Amino acid sequence: MTETDIITGCIKKNHVCQRLLFEKYAGKMLSLCQRYLKDQQEAKDITQEGFIRVFDFIHQFKHEGSFEGWLRRIFVNVATRHASKRQISFTDIDIIETDTTMIDASVVSKLSEDEIHRFISRLPEGYRFVFNLNVIEGYSHEEIGTLLGIQASTSRTQLTKARRMLQSLILKSFNTVIV
Amino acid sequence: MNTNEFDQIIQTKALQREADVPADIWQGIAAKKKKRRIPFFWFILLLLLVTGGAAVWKMIDHGATPVSMANQKVNADKPALVNEVKMLNQSATSIAPAANAEGLNTASHASHLAIKVKNEKSYLKTVDQGVDNAEENNS
């Protein structure tokens with residue numbers, strides 16, 4: 001069954017197609033939710049809510065871009081809306097300045113997907129949201145501002161600090177400083 | 001390594017990651033979908049009840065309008081009134097010649113009966129008119 005067949009089936013509320021769609025994307029979408037929400041139960045709840053929303057609005061998918069991209073946007077919206085209800089804190093944390101040129105690209109490339117995920121999870125909430133939205137999902141600072149109810153400039157500042165902190169965590173963890 | 005390079009590697013790795021999905025996530029979705037179907041069922045049932053109730057109420061209400069009640073009463077009274085008028089007519093006809101012969105009291109009684117007959121006839125006419133109007137309104 002092709003992805004188009006599955007989508008068509010989901011539009012017709014076919015339970016088998018819904019299950020197939022879930023099995024195909026649940027891992028990636030749960031991973032996305034876990035990147036935004038530290039609490040595992042919260043991440044699971046958002047994954048459930050996201051899929052229910054996808055099944056409700058799948059008829060609105062226009063087949064213009066990738067389906068995975070469309071799915072991601074829905075899950076990102078659900079996760080950010082959920083987190084915004086309890087106010088995301090955009091605090092600044094003092095970190096040791098790290099020069100990105102000091103990190104070897106080959107070393108970062110060797111990091112596993114789970115290791116990268118763990119490093120991102122260690123970022124404070126505000127940094128994590130902005131980093132995920134901009135670097136991973138490709139949202140502009142203006143879009144992030146609208147989504148999180150903050151200024152675009154705040155988003156830029158948070159991103160710079162988030163990137164520095166992430167690099168610092170990677171350096172600390174692996175001590176891979178190239179002189 | 002520059003910032004773009006760093007971001008690119010992180011993005012690729014993060015997008016590739018797939019978490020282990022606990023079985024209870026799908027069960028939760030199925031349960032939530034089922035839960036949402038139940039209110040929908042109740043909504044339809046309520047809608048049917050309200051529509052049915054309104055239809056029954058309208059029928060009952062229409063059956064008990066003042067016009068229809070008046071029609072029923074008029075139709076029930078009509079034969080009796082017709083009989084009464086007939087009897088009065090007969091009495092007036094039989095009494096009138098005798099009254100002329102016997103004197104004023106009987107004559108005035110006869111004329112009183114004649115007036116009553118006239119009134120009853122006019123009432124019957126009004127009743128007939130009322131029935132016609134009511135039937136027109138109902139149709």
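Proteins get letters first, then strands, A, B, ... in listed order; numbering begins at 1 in each. All values reported here derive from a predicted model rather than from experimental measurement.
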Review point. Which bit of A:F119 is near chain B, if near means a heavy-atom gap under 4.5 Å: side chain, backbone, both or neither?
Key: neither
Point to revise | Region of A:Q34 that comes under 4.5 Å of a non-hydrogen atom in chain B | key: side chain
Exercise for review: To the nearest 0.5 Å, tell me how far A:I120 CD1 sits from B:K13 NZ.
Suggested key: 12.0 Å
Point to revise | Interchain contact, A:R72 with chain B, by part (heavy-atom threshold 4.5 Å) | key: side chain
Review point. Relative to chain B, which segment of A:F131 carries a heavy atom at a distance below 4.5 Å: side chain, backbone, both, or neither?
Key: side chain
Point to revise | Interface moiety of B:D20 toward chain A, non-hydrogen atoms closer than 4.5 Å | key: backbone
Review point. Contact part of A:I136 toward chain B, heavy-atom cut-off under 4.5 Å: side chain, backbone, both or neither?
Key: both
Exercise for review: Check whether any side-chain heavy atom of A:R163 lies under 4.5 Å from a side-chain heavy atom of B:T3, and answer yes or no.
Suggested key: yes
Study note, to complete from the structure: Heavy-atom nearest pair, B:D24 first then A:K44, reads OD2-NZ, 2.9 Å
Exercise for review: Measure the CD1-NE2 distance between B:I10 and A:H117 for me, rounded to the nearest 0.5 Å.
Suggested key: 12.5 Å
Exercise for review: Identify which of A:A26, A:S112, A:S109 forms the greatest number of heavy-atom pairs closer than 4.5 Å to chain B.
Suggested key: A:S109
Check your understanding: Do you know the tightest heavy-atom contact between B:R17 and A:S31?
Key -> NH1-OG, 3.0 Å
Review point. Is chain B contacted by the side chain of A:Q18, its backbone, both, or neither, given a heavy-atom distance below 4.5 Å?
Key: both
Review point. Measuring heavy-atom distances to chain B, does A:D114 have an atom under 4.5 Å in its side chain, in its backbone, in both, or in neither?
Key: both
Review point. Looking at NZ of B:K32 and CD of A:E49, how far apart are the two atoms once the value is rounded to the nearest 0.5 Å?
Key: 6.0 Å
Point to revise | Nearest-0.5 Å distance, NZ of residue A:K28 to CD of residue B:Q16 | key: 8.0 Å
Check your understanding: Any side-chain heavy atom of B:I25 sitting closer than 4.5 Å to one from A:F22?
Key -> yes
**Study point:** Separation of B:L15 CG from A:I116 CD1 (nearest 0.5 Å)
**Key:** 11.5 Å
